[in-house]
Amino acid sequence: MEIKLFVAGCIFLVIAGIMQLAKNKLFKGQKPNRAFTEVYSWVDTLWTALIIASIIMYFVIQAFKIPTGSMRVTLLEGDHLFATKFIYGLRVPFSDGKRVLPLKQPKHGDVIIFQCPPQALTPVEQMNNVKKDYIKRCMALAGDKVEIKNKKLFVNDIEIDEPYVQHADENLYNSFNLFKTREEYQKAWENGELATVSPAFIRDNFGPVVVPEGHYMALGDNRDYSFDSRYWGPLPDKYLKGKALIVYWPLKRIKLIN
């Protein structure tokens with residue numbers, strides 16, 4: 001969205017430039033007529049507004065609408081929220097996700113906004129170069145050992161207290177030996193190969209894996225019905241866009257996001 005606004009702003013900048021040239025050519029120092037002045041003022045104002053809006057949306061804040069129930073009950077379908085984009089650093093345009101001047105680093109439990117990794121897209125979406133955003137909770141950082149045993153999350157062999165997590169399915173799937181060695185499991189997970197595996201094999205019993213350098217593990221709060229890092233693999237840092245801040249709509253659900 002912010003790129004579209006920026007492009008629109010550039011288009012209006014070109015139009016404003018053309019109109020300035022026309023003004024110089026047609027009126028040659030004379031006062032332009034009222035109609036030309038009003039149109040020029042309108043174009044200049046709209047161009048300025050679009051440029052400011054694109055800068056704000058690219059660097060400062062992003063509006064986001066919850067599309068699915070993967071974060072229930074923390075966030076519900078249809079919730080509108082704002083996410084801060086500068087807190088983890090300002091994104092450098094056209095740099096493949098590079099960020100500078102971070103105020104803080106992502107930590108365990110942060111609700112994060114990120115661009116969906118290619119492994120999480122369907123083959124058709126990948127072919128069409130679709131880009132969409134996801135929202136999940138950051139549950140592990142680079143170097144962390146992650147394992148799920150009978151729906152309970154362990155990070156570095158410590159069970160994590162997750163009061164925000166919902167387990168909506170009482171069924172408990174047993175683990176299966178999908179790979180002969182732990183190394184094979186780790187490699188398959190990092191490559192996103194588990195995205196095509198039946199959820200019954202990994203939903204309730206997963207890992208252990210180690211989050212690679214420059215990556216995070218993102219899980220949904222609605223743990224039994226979330227398509228997340230268990231399936232499509234670790235989240236590369238370059239796809240991280242910001243931290244969810246506040247639900248602003250509907251009015252009855254206004255709240256800070258924790």
Side-chain angles (χ1 to χ4, degrees), residues 67-72 96-98 106 108-160 162 165-169 171-241:
T68 70
S70 69
M71 283 297 291
R72 277 182 169 265
D96 195 26
K98 183 180 180 180
H108 298 90
D110 282 358
V111 178
I112 56 176
I113 305 286
F114 54 92
Q115 182 181 317
C116 173
Q119 297 90 336
L121 297 170
T122 66
V124 173
E125 289 175 330
Q126 292 180 30
M127 185 172 58
N128 292 321
N129 198 29
V130 170
K131 289 182 173 59
K132 57 185 178 181
D133 292 340
Y134 273 5
I135 181 167
K136 307 288 182 188
R137 194 178 293 272
C138 178
M139 293 310 305
L141 310 177
D144 284 341
K145 174 186 174 184
V146 180
E147 189 171 10
I148 296 175
K149 303 176 184 177
N150 296 333
K151 296 184 185 287
K152 296 179 180 179
L153 176 65
F154 292 80
V155 177
N156 298 323
D157 298 317
I158 298 173
E159 184 178 349
I160 304 301
E162 300 184 281
V165 165
Q166 168 181 275
H167 289 290
D169 186 357
N171 294 316
L172 183 65
Y173 293 127
N174 294 319
S175 60
F176 293 85
N177 293 322
L178 295 173
F179 303 93
K180 293 181 180 179
T181 67
R182 180 172 170 177
E183 288 73 20
E184 289 179 348
Y185 191 103
Q186 174 80 26
K187 184 177 180 180
W189 175 65
E190 289 186 17
N191 292 336
E193 296 175 20
L194 301 187
T196 59
V197 173
S198 170
F201 292 169
I202 55 177
R203 189 191 75 175
D204 300 329
N205 289 275
F206 167 84
V209 296
V210 175
V211 180
E213 189 67 28
H215 293 72
Y216 311 97
M217 185 159 192
L219 300 175
D221 287 358
N222 190 7
R223 197 62 52 80
D224 293 337
Y225 296 103
S226 173
F227 184 56
D228 51 38
S229 281
R230 289 170 293 180
Y231 306 99
W232 41 257
L235 171 67
D237 180 79
K238 68 178 182 179
Y239 291 129
L240 186 63
K241 300 184 74 171

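Quick caveat, the model's predicted, so the values are computed rather than measured.
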Between S229 and A218 (side chain of the first, backbone of the second, donor and acceptor by atom type, cut-off under 3.5 Å), is there such a pair? yes

Where do V210 and R182 land on the side-chain contact (heavy atoms from CB on, under 4.5 Å) test, with the steps shown first? CA-CA 10 Å; V210 175; R182 180 172 170 177; 4.2 Å; yes

Which atoms form the tightest heavy-atom contact between C116 and L121, and what is the distance? SG-CD2, 3.6 Å

Separation of C138 SG from I112 CD1 (nearest 0.5 Å): 5.0 Å

Which heavy atom of P106 sits nearest to which heavy atom of L240, and what is that distance? CG-CD2, 3.5 Å

Under the side chain to side chain donor-acceptor pair (under 3.5 Å) test, which residues partner Q119, sequence neighbours left out? none

For D221, give me all partners under side chain to side chain contact (heavy atoms under 4.5 Å, CB included), at least two apart in sequence or on another chain. M71, T74, R137, Y164

Not counting sequence neighbours, which residues clear salt bridge (charged side-chain N to carboxylate O under 4.0 Å, His left out) with E184? List them please. none

Could you tell me which residues satisfy side chain to side chain donor-acceptor pair (under 3.5 Å) with N156, sequence neighbours excluded, listed by chain and number? D144

Does any pair with a residue in residues 188-197 pass side-chain hydrogen bond (donor to acceptor under 3.5 Å, both in side chains), and if so which ones, sequence neighbours excluded? Q186-E190

With sequence neighbours left out, write down each residue that passes ring pair (Phe, Tyr, Trp, His ring centres under 6.0 Å) with F179, or none if nothing qualifies. Y185

What I'd like to find out is whether the side chain of L141 reaches to under 4.5 Å of the side chain of H108, using heavy atoms alone. yes

Write out all pairs satisfying salt bridge (Lys or Arg N to Asp or Glu O under 4.0 Å) with one or both partners inside residues 111-133, taking only residues at least two apart or from two chains. E125-K132, D133-K241

Of all residues at least two apart in sequence or in a different chain, which pass the side chain to side chain contact (heavy atoms under 4.5 Å, CB included) check with P118? Y239

Could you tell me whether the side chain of D224 and the main chain of A168 form a donor-acceptor pair under 3.5 Å? yes

With a 4.5 Å limit on heavy-atom distance, are the side chains of V165 and L153 in contact? no

Does K149 have any side chain to side chain donor-acceptor pair (under 3.5 Å) partners at least two apart in sequence or in another chain, and if so, which? none

Does any part of the side chain of D237, heavy atoms only, come nearer than 4.5 Å to the side chain of Y216, both counted from C-beta? yes

Please check if the side chain of D228 supplies one atom and the backbone of G220 the other of a donor-acceptor pair under 3.5 Å. yes

Distance in Å, E159 CD paired with I148 CD1, rounded so as to fall on 0.5 Å steps: 11.5 Å

Side chain to side chain donor-acceptor pair (under 3.5 Å) filter on Y134, not counting sequence neighbours, yields none

Donor-acceptor pairs under 3.5 angstrom involving side-chain atoms of residues 199-207: please list them, not counting sequence neighbours.
{"residue": "R203", "atom": "NH1", "partner": "D169", "partner atom": "OD2", "Å": "3.0"}
{"residue": "R203", "atom": "NH2", "partner": "D169", "partner atom": "OD2", "Å": "3.4"}
{"residue": "R203", "atom": "NH2", "partner": "N171", "partner atom": "O", "Å": "3.1"}
{"residue": "D204", "atom": "OD1", "partner": "K151", "partner atom": "NZ", "Å": "3.1"}
{"residue": "D204", "atom": "OD2", "partner": "Y173", "partner atom": "N", "Å": "2.8"}
{"residue": "N205", "atom": "OD1", "partner": "N150", "partner atom": "N", "Å": "2.9"}
{"residue": "N205", "atom": "ND2", "partner": "Y173", "partner atom": "O", "Å": "2.7"}

Measure the shortest side-chain to side-chain distance between L172 and H167 over non-hydrogen atoms and say whether it is less than 4.5 angstrom. no

Point-to-point distance, once rounded to the nearest 0.5 Å, from CG of L219 to CD1 of I160: 11.0 Å

